[in-house]
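Labels below follow one simple rule: chain letters A, B, ... track the order of the sequence lines, proteins then strands, and each chain is numbered from 1.
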Protein chains: 2
Amino acid sequence: MTAEARDRYHHGDLRNALLEGAVQLLAEGGVEAFTLRELARRVGVNHRAAYRHFEDKRAILAAVAADGYRALAAKMRAAVEASERDEQLERLLSMGRAYIEFGVDERARYEVMFGPRLNEDGRFPDLEAAISESVRVLSAELRRVAPDVPKEKIRDSGIAFLSAAHGFVTLRLTRRVRARRELLPSYATTVLRPVVRGIIDDLAATA
Amino acid sequence: MTAEARDRYHHGDLRNALLEGAVQLLAEGGVEAFTLRELARRVGVNHRAAYRHFEDKRAILAAVAADGYRALAAKMRAAVEASERDEQLERLLSMGRAYIEFGVDERARYEVMFGPRLNEDGRFPDLEAAISESVRVLSAELRRVAPDVPKEKIRDSGIAFLSAAHGFVTLRLTRRVRARRELLPSYATTVLRPVVRGIIDDLAATA
DNA sequence: ACCTGAACACCGTTCAAGT
DNA sequence: ACCTGAACACCGTTCAAGT
């Protein structure tokens, strides 16, 4: 280890170095290939050093997942904010595309966000908060579509929307969607449009 | 090991004993907790014995996944066959409920079916075939809705349907859906109905 | 405060045998 | 044919120390 590297870690950068290394390691071989010792090797520290910043291996994965949800929420928010104010179908489609793009582009983080059973027990409240933040971006947008509908209805619509978006990402990542036209960015819109239309019509009928 | 048990294995039952033990082990702690050595311990054989029936650990998971897809296809088929002949919305909803029920009831197998990166390389053609079989059940049903639509359109609709169904299962299994009313069997229908209606309307508009 | 190194009880997989 | 047992190169985590 260079003196410069040692200084960085002594100033608290090891935590970030570990998180960045984790994402890279996960990108290469998925959660199965992610080991504490290999991560430490790459970052250039003894494998015990990670325990200074994370309680255990799962805590590193939980931190990666929480970062992922925050980045996802930001991307979803940016997508709707860049859309026309009164085109509800297009606004929601734009958010759906943002979601799917995130999942495909950030495969390593995305798989951790939905993969291992991280929030079985009540550990990792930071992860819970990050998940809630991303759900709130969606709920706020659905509320614009139907301002006077009961909140359970908004929640049901949000679950339908997230189901479709997450499901599509999964089909992409597991290569169930792989024909040439299905890999085009526009294909997500082709698949989502009828679904989102159905959700909007249903909200309108309830109002 | 009892003499009786040894006889069973010598007559080729070890393979099934391993598969059954694997599902149980997976149910307890997910893929992370699934180890060859623990599996062998439970079945009562040396851990090397598994290699007589499976090339490696991944091959056991692939066999569990393939069995899962075959069971899922059977359940989906039974659901539509029990439905009214000319109620297309209800037929598809019934199939969606069957899918979701399978995912929730058979969590261990379901997670393996979508979890680890099993079909990265072209290994496990039996798994590929089982996946195709379950997709075919859905395509046949969508074809009934729109007999004259191009086959790409059927495929797109199938992907939308599967996205929603798989996504919903994931939200259940990761406990993003957990309020009391959301755990009722009927809740799947509540969420799926607008989505399926959107897909059917879209197919009808194309025809 | 922050990092290391040896030790422990586990893995999956290979090799060489046993019946 | 079918199963075993020792060995190898790995794990995550704990304990006791080093600077």
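B:Lys75 and B:Glu106 are not joined by a salt bridge, as no carboxylate oxygen comes within less than 4.0 angstrom of a charged side-chain nitrogen. Between A:Glu152 and B:Arg181 there is no salt bridge, since no side-chain N of the basic residue sits under 4.0 Å from a carboxylate O of the acidic one.
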Given Watson-Crick and G-U pairs under 3.5 Å, DNA chain D in dot-bracket ([ ] crossing, | other strand) is ||.|||||...|||||.||

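Counting only heavy atoms from C-beta on, A:Leu36 has its side chain closest to D:dT13 among C:dG5, C:dT13, D:dT13. Relative to the side chain of A:Arg37, the nucleotides D:dA6, D:dC3, D:dC11 differ in distance, and D:dC11 lies closest. Checked against D:dT14, C:dC11, D:dT13, the side chain of B:Thr35 finds its nearest nucleotide in C:dC11. Looking at the side chain of B:Asn46, the nearest of the listed nucleotides C:dT13, D:dT4, C:dC11 is D:dT4. Set against D:dC2, D:dT4, D:dG12, the side chain of B:Ala49 has D:dT4 as its closest nucleotide.
Environment of CZ in B:Arg91: crowded, with over 12 heavy atoms of neighbouring residues, nucleotides or ligands closer than 6.0 Å.
Donor-acceptor pairing under 3.5 Å is lacking for the side chains of B:Tyr110 and B:Asp105.
Place A:Arg48 and A:Arg41 on DNA chain D by their nearest nucleotides, and A:Arg41 ends up nearer the 5' end.
At the heavy-atom level, B:Arg58 lies nowhere under 4.0 Å from the strands shown.
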